[in-house]
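Have a look at the structure below, then the notes.
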2 protein chains.
Amino acid sequence: MPDGAPKKPSRIQLRNRRTILDAALEVFSRHGYRGSTLDQIAGSAGLSKPNILYYFDGKEDIHVTLLNQLMETWLDPLRAMNAAGDPQAEILAYVQRKVDMARDLPRESRLFAGEILQGAPRMRPDLETGLRPLFDEKCNVIQGWIDAGRLPPLDPQHLIFSIWATTQHYADFEVQVNVLLPGEQDPHARASAHLQTMFGKLLAL
Amino acid sequence: MPDGAPKKPSRIQLRNRRTILDAALEVFSRHGYRGSTLDQIAGSAGLSKPNILYYFDGKEDIHVTLLNQLMETWLDPLRAMNAAGDPQAEILAYVQRKVDMARDLPRESRLFAGEILQGAPRMRPDLETGLRPLFDEKCNVIQGWIDAGRLPPLDPQHLIFSIWATTQHYADFEVQVNVLLPGEQDPHARASAHLQTMFGKLLAL
DNA sequence: TCGTGGATTTACCAAATGGTAAAATTTTTA
DNA sequence: TAAAAATTTTACCATTTGGTAAATCCACGA
């Protein structure tokens with residue numbers, strides 16, 4: 001029979017796969033792919049190493065699964081940018097969603113950053129097929145706003161890069177931020193205010 | 001005798017240590033600390049593995065040496081920001097120096113990013129003693145300019161974070177940038193223009 | 001409740017990797 | 001140039017690590 005019907009996974013399967021992926025996210029995001037060991041993941045998941053290999057084909061399988069899931073989450077905030085909305089409000093709302101994501105999903109941000117930093121060895125196809133079409137589409141939306149005189153002339157592509165860079169910075173460089181802002185209870189609140197101001201000025205007509 | 005006089009290193013020592021560090025920078029910046037092997041570094045340097053261990057005490061020694069050297073280079077552009085100069089010009093010149101650095105020293109940028117991303121396990125002391133005093137000093141300079149009415153009110157700390165994030169993005173996320181700007185011969189030129197515009201608007205009175 | 005298939009553990013293994021000892025070679029010095 | 005010092009290579013070793021085989025345990029439907 002063709003494996004078109006992979007049989008519904010049992011409750012245990014579902015629970016354990018989720019546990020493993022969560023543990024792996026924790027470990028991979030802190031130590032990178034090569035810096036993480038199956039023993040660490042197993043320990044963090046509270047399972048034995050062979051047990052983990054019962055649920056996944058290997059270390060790489062876990063990593064790839066994680067990256068694939070991540071791509072979906074990652075694109076959501078950009079997808080939500082609506083061409084029919086108000087340009088300034090849409091872009092500033094996008095900035096806010098990215099700030100919130102850096103605060104709420106720092107592990108995901110670091111996993112992604114680590115993968116890109118090392119040349120995206122396991123993710124380049126996903127970048128081409130998943131990210132790039134969406135990126136191009138939204139650049140066109142922004143360019144349309146500019147052409148309609150609803151935004152000042154600016155470089156849509158580099159605008160998006162700047163939004164990514166500034167927001168993800170608070171997750172990816174968290175340690176540095178904490179060293180430089182000691183005792184700050186909520187860096188993200190001030191970060192958010194600063195970024196809204198900065199991009200607000202950039203987008204003002 | 002106390003080792004206060006470590007004897008001047010020979011010509012060969014100097015050349016080989018430099019060769020090794022350059023090879024190590026190449027390898028570490030691409031694969032991270034754990035992802036790099038002494039064999040890779042040896043191969044890239046054109047030396048044998050034991051020969052490398054003749055010049056350095058071990059893998060970690062090479063990495064730490066590299067990070068210490070890097071910190072100096074890294075702080076230079078910020079050090080050059082002059083309290084006696086014109087605020088807008090000083091800050092925009094700083095942005096430009098950082099853009100140039102991302103273009104000319106991407107390996108150094110990625111090495112630094114990788115270290116911070118993983119929690120700065122070998123660099124935290126350097127951050128406290130090297131980076132933080134300078135950061136605080138320059139934040140005070142910027143705050144002084146604001147208080148003197150020479151800059152609009154803004155958050156000096158997060159301004160610097162934004163400069164770091166946007167400029168280093170082009171080195172650290174180079175692969176992603178290349179995927180999204182295919183066929184672009186010189187992304188840094190457009191990046192520079194965009195960042196000068198953006199920070200120019202932010203700093204305008 | 002008993003048997004069966006799924007889940008888990010125990011006991012391993014081969015390859016990779018950081019590192020060392022000592023011989024051999026080259027360079028420098030007297 | 002010959003001895004001494006510095007450099008490089010050869011041959012290893014111990015540990016770590018991703019992964020496997022097979023025995024054992026356990027949940028669940030007949």
Side-chain angles (χ1 to χ4, degrees), chain A residues 1 3 5-67 114-115 118 121-122, chain B residues 1 3 5-67 114-115 118 121-122:
Chain A
M1 76 176 174
D3 71 331
K7 259 181 186 173
K8 63 174 99 174
S10 74
R11 229 172 316 157
I12 295 179
Q13 291 244 4
L14 235 46
R15 172 174 54 83
N16 280 356
R17 278 185 70 98
R18 218 186 306 233
T19 302
I20 292 168
L21 286 175
D22 188 69
L25 176 59
E26 185 71 28
V27 174
F28 280 138
S29 72
R30 280 211 201 294
H31 307 290
Y33 180 74
R34 285 283 311 266
S36 306
T37 70
L38 285 177
D39 285 303
Q40 278 178 290
I41 297 172
S44 178
L47 298 172
S48 70
K49 180 168 65 175
N51 199 8
I52 281 188
L53 292 170
Y54 176 76
Y55 289 102
F56 289 90
D57 285 341
K59 187 183 177 182
E60 178 143 0
D61 183 30
I62 302 176
H63 196 242
V64 168
T65 303
L66 228 34
L67 289 176
E115 174 69 8
Q118 307 205 346
R122 287 165 250 278
Chain B
M1 79 178 174
D3 72 329
K7 261 180 185 175
K8 61 175 98 173
S10 74
R11 230 173 317 158
I12 294 179
Q13 291 244 5
L14 233 49
R15 172 174 53 82
N16 280 355
R17 276 185 71 98
R18 217 186 306 233
T19 303
I20 292 168
L21 286 175
D22 189 69
L25 175 59
E26 185 70 30
V27 175
F28 280 138
S29 72
R30 279 210 201 297
H31 307 290
Y33 180 75
R34 287 282 313 263
S36 305
T37 71
L38 286 177
D39 285 304
Q40 277 178 290
I41 296 171
S44 177
L47 299 172
S48 70
K49 180 169 64 175
N51 200 8
I52 281 188
L53 293 170
Y54 175 75
Y55 290 101
F56 289 91
D57 285 341
K59 186 182 178 183
E60 178 144 2
D61 184 29
I62 302 176
H63 196 243
V64 168
T65 302
L66 227 36
L67 289 177
E115 174 69 8
Q118 307 205 346
R122 286 165 251 278

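Below, chains carry the letters A, B, ... as their sequence lines are ordered, and counting in each starts from 1.
- The residue among A/E60 and B/I52 whose nearest nucleotide of DNA chain D is located toward the 5' end is B/I52.
- If you check D/dT9, C/dA11, C/dT8 against the side chain of B/P50, the one that comes closest is D/dT9.
- If you take CD1 of B/I62 and P of C/dG19, they are 9 Å apart, rounded to a whole angstrom.
- Minimum heavy-atom separation, B/S48 to B/A42: C-CB, 4.0 Å.
- Applying the 4.0 Å criterion to OP1 and OP2 of D/dT8, one finds that B/S48 has every side-chain N and O outside that range.
- Side-chain N/O atoms of A/Y54 include none lying less than 4.0 angstrom from OP1 or OP2 on C/dT8.
- The aromatic rings of B/H63 and B/Y33 are tilted relative to each other, their planes meeting at an angle between 30° and 60°.
- Minimum atom distance to the side chain of A/K59 is reached by D/dG18, of the listed D/dG18, D/dT9, D/dT20.
- Contact between the side-chain N/O atoms of A/N16 and the OP1/OP2 oxygens of C/dT8 is found at a separation under 4.0 Å.
- Residues from residues 32-39 of chain A that place a heavy atom under 4.0 Å from any atom of DNA chain D, listed by number: A/S36, A/T37, A/L38.
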What is the per-nucleotide protein-contact pattern of nucleotides 24-30 of chain C, from the 5' end, where B denotes a base atom under 4.0 Å from a protein heavy atom, S denotes such proximity for sugar-phosphate atoms only, and - denotes neither?
----S--
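- Per the geometry, CG belonging to B/L53 stands 16 Å off P belonging to D/dT10, to the nearest Å.
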Please lay out, stage by stage, how B/F28 and B/I62 fare under the test side chain to side chain contact (heavy atoms under 4.5 Å, CB included).
CA-CA 10 Å; B/F28 280 138; B/I62 302 176; 4.0 Å; yes
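- As judged by a 4.0 angstrom heavy-atom cut-off over every strand, A/Y55 is placed among residues touching the sugar-phosphate backbone only.
- Contact between A/L66 and A/L25 at its shortest, heavy atoms only, is CD2-N, 3.6 Å.
- Taking all atoms of both residues into account, the shortest heavy-atom contact from A/Y55 to A/Q13 is CE2-CA, 3.9 Å.
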